[in-house]
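These notes are about the structure you will find just below.
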Amino acid sequence: MPQKIHICVAWPYAAGDRHIGHLAGAYLPPDIFARYHRLVGNEVLMVSGSDTHGTPITLRADKESITRQQVIERYHTRFVEAFLQFGLTFDLYTHTDTQNHWDVTHDLFLRHLARAYMYTDKQYQLYAVDDQQWLPDRYVEGTCPFCSFTQARGDQCDNCGRTYDAVELVAPYSRITGSTNLEKRPTEHFFFDLGQANDFLIEWLNRPDKASWRTHVLNLARARAESRELRGRPITRDLDWGITIPVPGYADKRIYVWYDAVIGYLSATREWALLTGDPAAWEAWWREGDEQVESFYFIGKDNIEFHAIIWPAMLHGYGPIAGPDAPGPWLKQPSDVPANEYLTLGDFKFSTSYGNVITINDAAERYQIDAWRYALTAMAPETQDSEFTWQEFVRRVNTELVANWGNLVNRVLGFAFKQFEGHVPQPGALDAQDEVLLTAVRGGFDSVGALYAARKFKAALDAALRLSQEVNRYLNDKAPWTLIKTDRAAAATSVYVVLQAIDWLKLLFAPVLPSSSQQVHSLLGHDGDLFGRQYTEMVADARGQHLVLRYDHRGATGSWQPAPLPAGQPLRKPEALFIKLDESVIEEELARMQVSTP
RNA sequence: UGCGGGGUGGAGCAGAGGCAGCUCGUUGGGCUCAUAACCCAAAGGCCGCAGGUUCGAGUCCUGCCCCCGCUACCA
C-alpha cells in the first residue's frame, strides 16, 4: 500500500521578491522530494502559500504609497508565476487571506483557549502619541539594549541576534512616521503558553525516529526545549488589519502573524480538500499515529524554532481532532523538518550596496529551468552555508550537466538515429560488460532512490551523475562508431545497451531535471508524460477571490522502475537537451548586478 | 560586545573513530559518435594550530588562531 507523503513548504511573505537562495534552500528541495515520491507511486500532497500578514507588507505599502492589498496581490502573483516556471508541483499554493484560513485559525485559537493553552495578560507596548497608533514589533526601531546597535528592530536585534521586548529599546522611534514621542502603555493580549508543551517537546524530540533528522535542526530544537525556558508568547497585536480574534471584546486587536502563518499547513490541506470536492479528505493527512502518513517541512534555518518547537506545541495544544475530550487521534506532528542553511551570494561579498538580488522571476527568464535546478541542487546548503557565484553556476552547467549527461544523450541518440534508421536497434546476446553496465544503472533505482528518500539531494544527484559517467566509459570502450564498420550486430547491441541505460537514467534524474528527462523520454520514442500538469485558477470564497497554483498528477506515466526499452521503437529526431553557456555570461551578469545597484 | 556557519590537494565540497574521497581545474596520452564534448593515466593534502582521550583521531575532549554571513526586510 502506498504511503501518503505530506510535504509542507515554508510560507513566503508577500512583501518582496524571492531570490535564488530561497529557491535552493526552501522551494526546490520539496519539489524534488515530491517528484521522487510520485514516481515511486506514493500519494503526495504538497502545500504552501503566501503569507499575507505581517509588518513587512505594511512597510512596503507605505514606502510605495500603495495599498496592502496591492502589495499582496503583486507578490503573490509573482510567486505563483515563478513557481510555475520552475516546475514546483504544489498540489495547492494559496495564501492566508482566505475565509478557510481565517476559519481554521479561529478554530485553533478557540481550542487552545478551551484547553488552557492560552491566557491573557497585560503587556507594555509602545504607543506613538502624535500619530495615535500602537507600534508593535517591527513598526518600531531603536538602539539595542544589549549591543547598542542603533537600528535594532522591535523584536530582535540584527546586530547581536538577541530577542527582547520592544519597550526595552533605547531611544525608540516609529518606523512609520519617525516619531520619537512614544509612550509605554499597558495593553491586554492573548498568550500561547509554550511552557505547557515543554515536557511533551522534550519527550518528542528524543524519540528514536529523530535519528534521521539533520543534526543542526535537532541540536537547535533540543537546546530550546531542554533549556526549559519556553514560556508564553503573545499571539495578538494592537492592529486594525489581519485575522480577527474570535472572542468578544477584542475588536481593536488582531492575531499576530507568527501564530497564523504556521497554521497555513493545516488550512491549506483543508482548502485542498474543499477544492477536490471532498471537504473531509484533509483528515487522512493529519491523524497522529497513522503509519501510512509522513509529513515533511521544508524551510530555511531561521525558521527551525517555529517548525520544530512552536508548531509542534500548537498541534499538541489542539488535542484530539474530533473534540477537546474525544478519544480519537490528535493532529499529526512533523515526521521531519529538513531545514537547509543559507545560500549566500558570493560575487558581491564586499559590497555594502542594496539590491544585488537574483530574483527567481529573473532567473527563470534568463536560463534554462533545468540548468538552475541542477546547479542549485548541486550547490544546495544542506548542511552548511554555501556560496553562489556566476562562475560556479556556469562551471556546473557546462562541465557537469552538459558535458556528462547532456552530451551522453546527444552523442548516443545522434549516432543511433543516423546509423539505425531512426529506431532502437535490435540487440544480440549481451556479454559480461553489457550486463555489468546495466546492473549498475539498474542498481541506481535503489541507491539513488534511497538518497532522495533520505532528503540527501546533492548526494542523489552526484550518484546519478556518476552512473552517467559509467555509461560514457562503456561507450568509449565499446566504440560502436568503429565497430559498426566491421560488425554491425555487435554495434547494435552496445547502442541498445546504452539507450536502455539512458532510458533508466532519465528517471534517476527526473526529480531534479523534470523537463529534460521528459525530453529524453520523448526522444527515445515514448509517448506520455512522466509527470502531471501544473495549472493556476481563481478561487472564490467569502473573503473574495484568490489565485492558486495547483498540480494534477492524473495522466502521469513516470514510474520508478527499470522498465525494458522495446527494440525497434522509433526514435524522435535528436536535439540538444541543454544550452552550453558562454563564459561571457559571468561578466554580463556581474555587470547587470552592478547596474541594478542603487 | 553578540548570534550563526566554517577552516580537508589550485577551486568547490563529502567524510564525523579504523589504509584521505568526489566534482572541476592542471599535465601527459587515447578517441573522433558527440554541445572542443568523451575515455585513460599522472601530479597535487603533516584534514587551521597546540595539547588530551584511544590500540587507533579530519572524525571525540580542552584551549587557541583565522575566515565568512548577520545591509538579499533575513528562507
Side-chain angles (χ1 to χ4, degrees), chain A residues 9-13 15-27 54-57 59-60 63 138 144 146-149 151 153 156-163 175 215-216 220 298-304 339-346 348-349 351-359 378-379 381-389 391-392 395-396 398-400 402-404 406-419 456 458-459 461-463 465-466 469 471-484 491 495 498 574-581:
Chain A
V9 183
W11 290 58
Y13 274 126
D17 279 318
R18 299 288 91 182
H19 54 71
I20 57 170
H22 297 117
L23 194 57
Y27 304 119
T55 325
I57 291 167
L59 297 176
R60 162 76 64 180
K63 193 169 146 192
R138 297 185 190 185
C144 173
F146 297 102
C147 74
S148 299
F149 179 65
Q151 287 172 54
R153 298 179 317 195
Q156 184 176 28
C157 174
D158 280 335
N159 190 46
C160 70
R162 291 194 225 221
T163 56
R175 226 181 132 183
T215 49
H216 70 276
L220 192 144
F298 287 84
I299 59 169
K301 68 174 168 186
D302 57 326
N303 242 330
I304 293 171
N340 272 341
E341 307 265 348
Y342 290 157
L343 181 76
T344 59
L345 184 59
F348 279 85
K349 78 176 61 159
S351 169
T352 55
S353 52
Y354 205 45
N356 294 321
V357 287
I358 304 165
T359 70
M379 296 183 219
E382 286 181 2
T383 57
Q384 59 175 281
D385 288 1
S386 64
E387 210 172 74
F388 177 90
T389 64
Q391 190 170 8
E392 185 71 356
R395 186 188 73 71
R396 294 254 185 212
N398 286 353
T399 66
E400 293 178 6
V402 174
N404 187 332
N407 184 54
L408 171 66
V409 172
N410 198 36
R411 67 195 292 214
V412 176
L413 281 171
F415 186 79
F417 194 80
K418 262 181 277 178
Q419 301 295 333
K456 294 181 176 172
K458 290 170 88 148
L461 190 53
D462 197 55
L465 212 60
R466 217 165 301 174
Q469 192 181 10
V471 182
N472 272 314
R473 193 170 292 145
Y474 166 94
L475 204 54
N476 266 56
D477 271 6
K478 288 286 188 178
W481 48 89
T482 305
L483 206 51
I484 198 163
V495 168
V498 172
E575 51 191 42
L577 294 185
F578 308 109
I579 298 162
K580 184 166 178 170
L581 300 173

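FYI, side chains are in, hydrogens and waters are out, and symmetry mates aren't considered; it's all heavy atoms of this structure. Chain letters run A, B, ... following the sequence lines, proteins first, then strands; residues in each count from 1.
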Practice task
With a 3.5 angstrom cut-off on both distances, give the Watson-Crick or G-U wobble partner of B:U32, or none if there isn't one.
Solution key: none
Practice task
Kindly say whether, by distance alone, the side chain of A:Asp462 makes a donor-acceptor pair under 3.5 Å with the base of B:C22?
Solution key: no
Exercise for the section: Determine the Euclidean distance between corresponding P atoms of B:C70 and B:G44; express it in Å to zero decimal places. Expected result: 39 Å
Practice task
With the side chain of A:Arg396 defined as its heavy atoms from C-beta on, choose the nearest nucleotide among B:U35, B:C38, B:G12.
Solution key: B:G12
Practice task
Go through the N and O atoms of the side chain of A:Asn407 and the base of B:A34, and report whether any donor-acceptor pair is under 3.5 Å.
Solution key: yes
Handout entry: B:G48 and B:A11, which share atom name P, separated by this distance in whole Å
Key = 14 Å
Exercise for the section: Look at A:Arg466 together with A:Asp462 and state whether they make a salt bridge at an N to O cut-off of under 4.0 Å. Expected result: yes
Exercise for the section: Could you tell me whether the phosphate oxygens of B:C39, OP1 or OP2, come under 4.0 Å of any side-chain nitrogen or oxygen in A:Gln469? Expected result: yes
Practice task
In whole angstrom, give me the gap between the C1' atoms of B:G15 and B:U71.
Solution key: 35 Å
Practice task
Write down the partner of B:C49 under the Watson-Crick or G-U wobble criteria, each distance required to be under 3.5 Å.
Solution key: B:G63
Exercise for the section: Would you mind calling B:G51 syn or anti? Take O4'-C1'-N9-C4 for purines or O4'-C1'-N1-C2 for pyrimidines, and syn is within 90° of 0. Expected result: anti
Problem - Short side-chain N/O contact from A:Lys580 to OP1 or OP2 of B:A37, under 4.0 Å - result: yes
Exercise for the section: Scan A:Ala576 against the nucleic acid and name what it touches under 4.0 Å (heavy atoms): base, sugar-phosphate only, or nothing. Expected result: base
Practice task
Between A:Val402 and A:Thr399, name the one whose nearest nucleotide on RNA chain B is closer to the 5' end.
Solution key: A:Thr399
Problem - Pairwise C1' distance, B:G25 and B:A43 [rounded to whole Å] - result: 13 Å
Fill in the blank from the handout: B:G69 -> Watson-Crick or G-U wobble partner, both distances under 3.5 Å, gives B:C3
Handout entry: Phosphate OP1/OP2 of B:C38 contacted by A:Arg473 side-chain N/O (<4.0 Å)
Key = no
Problem - Who pairs with B:A42 - Watson-Crick or G-U, where each distance is under 3.5 Å - result: B:U26
